[in-house]
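Start at 1 with the first residue, then count along the sequence. In listed order, ligands and their atoms are each counted from 1.
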Amino acid sequence: MARSAGRAHHGLGRSAPPGRRAQAGGLRDLEAVRGGATARSAVEPVRSGQPPARRVSLRARGLLLVLVALAPLLALHLFVTGLAWGQAGAAERIGLLLGLAAAAVAALAAAWFGTHRLFRRDVEHLLRAVRERAAGRPSALPVLEGELGLIARAVAQLDEAREALRRQVEEAEADRRDAEARTLGVLAVVSDAVIGISPSQQITLFNKGAERIFGYTAREAISQPLDLVLPALAGGRRLSTRELSPGSERWETVGRRKDGRQFPAEVGASVRGHGSPASFMLVLREVSEEAETALRETALRESEARFRGAFEHSAAGMAIQRADGSFVRVNRALCEMLGYSEAELLALTHQGLCHPDDAEPEAWYERDIRSGSIRWYQREQRYLHRLGHMVWGLLSLSRAGDRSGEPPDLLIQVYDITERKRAEALEAQLRQSQKIEAVGQLAAGVAHDFNNLLMVITGRSYILLHHLGSDHPLRNHVELIQSTADRAGALTRQLLVFSRRQALQPKVLDLNTVVTGMAAMLRRLIGEQIELVTKPPPRPDRAKTNPAQIEQVVLNLVVNARDAMPNRDRLVIEAGDVKVDDRAAGEHPGMRPGLHVTLVVRDTGVGMDAATQARLFEPFFTTKGPGKGTGLGLAVVYGIVKQSGGYIGVESELGKGTTFTVYLPSVEEAVEPAPAEVAPAELPGGTETVLMVEDEEAVRDLIGEILRQAGYTVLGARHGGEALVIGDRHRGPIHLLLTDVVMPEMGGRELVDRLAVTRPAMKVIFMSGYTDDAVAGHGVVGTGTALLRKPVTPETLLRSVRDVLDAEASAPAQPA
Ligand SMILES: Nc1ncnc2c1ncn2[C@@H]1O[C@H](COP(=O)(O)OP(=O)(O)OP(=O)(O)O)[C@@H](O)[C@H]1O
Ligand SMILES: [Mg+2]
């Protein structure tokens, strides 16, 4: 009995999962969940014919059966024993007790036997069912009463719970397998490489994409170090969680294929788990052409933005120009420099912005750069501002880049150098005028000495001619000497005019009158094929200058214009006025601010290049062939204009013509009437006494001889001191003092002052090789006084002497 029960327990223990307590717990839980009714319904009835009422009374029936079987036996025994107990001796009483015990034992044995026989089959049923179930064979559990029934029901519930659990596990497993299959399916079809990496940096997963990209099979790659495929990424070190934090951007690296070739790749990573070192999942993609293009486009956009910024904010004016000349883009600096809005500029071309004269060379260079024969070029050139004024630019031209199949765009860069140019021009002008000044001083020095020599030559030839008869064979020679000396004298005079060492006898005159007065002569001079246009000024213009010299200016300018117009064009002489402001004066060294009268001589001739313009006013500068020009014409003009306090400007363009503009300070004073012309007569002489002071001996002798020949009494002195002595000692009157202006020790003017004390009626003629401030500036020239320019011809000398002697002695022979 005990053994079978033990087996039963053993059988249960085998079929159940390890740990009966857990099983019992699980059972209780299940019971709680499912409720008793469900548990009971799992217990199948074993004997289907038995009614439920009998089942309930089974135990009672067994007990009753035993008791019914034993009761008469026991009653009979007790009766017999009771009868015998009273009569029996000691021995009989012991026998009675033993009989009683035997009866009890028999009763107990009968009871055990009955119970055993009654329950044994149920237990066996139960045990068999449990064993079969434990063995996994379905079997019905018997419907049992009491403890056995409880066990049977518990077994049924246990069974059920185990079944439910099994189903759950199965479902979960199916789900897992499903998901894995899906993932693997996805990993198999994605084109990217998906690589799992263990914390020790070994490859744990290698999908089809990875196989395709790297050339390894998954089998080859798995368990290998990551370096195998991503040397740059792993680089022999461990990837850190921080580096590969989830959501970190994708980055670029280099992958290595099985054949050793490397390729650019883009990698993203995700960390798996929280351990450190963690494991990772890398998703890698070859940087395909498309992706590369996208990357390049991004880079391009960034670079474009950078260059656009540089372009926009550059201090230089910049533009990109197409082959057809139109602008692709212009920057702010260019707009500001030329005064246009961006839209306006985009509608224009670079050549259209250039000064017309600079546009053509510009076009050549553009062609050369486009053709590749030069890489770039740089030059200074002029632009026209929107408002019309000129802007000087330093232009750099280069290729802006090539577009396939099309001529390259050009990059134009322009720096505004107008200010620098202005300063340079000013400096050049200044240098030029300083140079002319220096040349003038030199010329004046030479001319002064030269004049004295010439005077001797002309004077002596005059005397010679006087003594030679009109048919003398040598007369021709002397005449030639004289005329040559005259020409030489004219040259030196021009040099002196240029160096402004000529005495001016200025008077107020109307420029227009001068020009109109000359018109007939000028027309003859320039010939019929050149059209001469004289334009009178809107207002009468008055300037104070020497009329003969102004005529000389006009003449020289007109002759030059004629020579510059081989094609017989048009010459305009125009008088006018202009107010020179401080700014204009500042830009032109030598020009003074204020109201000016202007004389413009404009021709349509050959024009001049910059080199010629720079040297124009230098004496002896000429482009005309030998014997054709002396190069003194403009030097004389320059000297006269300067001496009158004026300015001369020139504008000229090769092939287009030249405009000279003479500026003379305007005056308010009334115009002085022109002196009446005196008809030339016989050379006059006289008998008066003349005191002549001249330091140069040859000149002194010459003048003395000319005057004596003409009948005068001549007292010669070498210098002022000697003249004073003579003036003192001479008993008779001295009618005229003829003196040099500039002499050592005592100047002409001081001498006059001192002699005038004793001889107030004495007339004075000054002679000068040149006129400096001592003469012109201090007004030596006045009424009753004459100024003779050296070299003086005998005619001039004799006429002047006579004129001064005959003049009304109203004013003292004093400097004004
Ligand atoms: N209107 C003009 N057009 C073109 N060139 C000119 C003009 N005026 C002057 N020039 C140039 O300037 C040079 C100097 O002129 P300038 O009058 O001083 O001397 P020149 O005419 O050569 O000689 P000269 O006047 O002594 O006979 C000329 O040789 C010529 O090259
Ligand atoms: Mg000339």
Within the 3.5 Å criterion, strictly below it, is a donor on Thr612 or Asp609 matched to an acceptor on the partner's side chain?
yes

Looking only at protein heavy atoms, what sits closest to atom 29 (O) of ligand 1 is Thr623 N, 2.8 Å

When distances are taken from atom 5 (N) of ligand 1, the protein heavy atom at minimum range is Met608 CG, 3.4 Å

For atom 20 (P) of ligand 1, the protein heavy atom that lies nearest, with its residue and separation:
Lys624 NZ, 3.7 Å

Cut-off under 2.8 Å, centre the Mg ion (ligand 2), protein N/O/S atoms
Asn560 OD1

Heavy-atom nearest neighbour in the protein, as seen from atom 14 (C) of ligand 1, with distance rounded to 0.1 Å:
Phe621 O, 3.3 Å

Any side-chain heavy-atom pair from Gln378 and Trp376 closer than 4.5 angstrom?
yes

To the nearest 0.5 Å, what is the distance between CE (Met692) and CG (Leu738)?
7.0 Å

Could you tell me whether the side chain of His385 reaches within less than 4.5 Å of the side chain of Met390, counting heavy atoms only?
no

May I ask you to decide whether Arg460 forms a salt bridge with Glu705, counting only side-chain N to carboxylate O separations under 4.0 Å?
yes

So, is Gly631 polar-close to ligand 1, with some N/O to N/O distance under 3.5 Å?
yes

Verify the distance criterion only: is there a donor paired with an acceptor across the side chains of Thr793 and Thr796 at less than 3.5 Å?
yes

How close does the nearest protein non-hydrogen atom get to atom 1 (N) of ligand 1, and which residue and atom is it?
Asp603 OD2, 2.8 Å

In this structure, are over 12 heavy atoms from other groups packed under 6.0 Å from Tyr415 atom OH?
no

Would you kindly specify which portion of Phe660 sits under 4.0 Å from ligand 1, judged on non-hydrogen atoms: side chain, backbone, both or neither?
side chain

Examine the side chains of His350 and Tyr383 and answer whether a donor and an acceptor come within less than 3.5 Å of each other.
yes

Hey, which atoms in ligand 1 end up nearer than 4.0 Å to a heavy atom of Thr622?
20 (P), 22 (O), 29 (O)

Determine, for Arg542 against Asp510, whether the closest basic-nitrogen to carboxylate-oxygen distance falls under 4.0 angstrom.
no

Less than 3.5 Å apart, any donor N or O on the side chain of Lys535 or Asn512 sitting next to an acceptor on the other?
no

Side-chain donor-acceptor pair under 3.5 Å between Asn556 and Gln552, yes or no?
yes

Counting heavy atoms only, name the option from Val636, Leu634, Asn556, Asp609 that's nearest to atom 16 (P) of ligand 1.
Leu634

Polar atom proximity, Asp563 to ligand 1 (N or O, under 3.5 Å):
no

For atom 12 (O) of ligand 1, what's the nearest protein heavy-atom neighbour? Residue, atom name and distance, please.
Leu616 CD1, 3.2 Å

CD on Glu696 to CE on Met767, rounded to 0.5 Å:
11.0 Å

I'd like to know if Arg420 pairs up with Glu380 as an ion pair, taking the criterion as any Lys NZ or Arg NE/NH1/NH2 lying under 4.0 Å from an Asp or Glu carboxylate oxygen.
yes

Test your reading of the structure: does Asn560 have an N or O sitting under 3.5 Å from an N or O of ligand 1?
yes

Here the atoms of ligand 1 under 4.0 Å from any heavy atom belonging to Ala564 are 2 (C), 3 (N), 4 (C)

Can Gly605 be said to touch ligand 1, with heavy atoms closer than 4.0 Å?
no

Filter on ring-ring contact (aromatic ring centres under 6.0 Å, His included), then keep only pairs touching residues 590-627, sequence neighbours left out; what's left?
Phe617-Tyr638

Have a look at Ala635, Ser652, Gly629 and point out the one with the heavy atom closest to atom 27 (O) of ligand 1.
Gly629

Counting from 1, what ligand 1 atoms have a heavy atom of Thr630 closer than 4.0 Å?
23 (O), 24 (P), 26 (O), 27 (O)

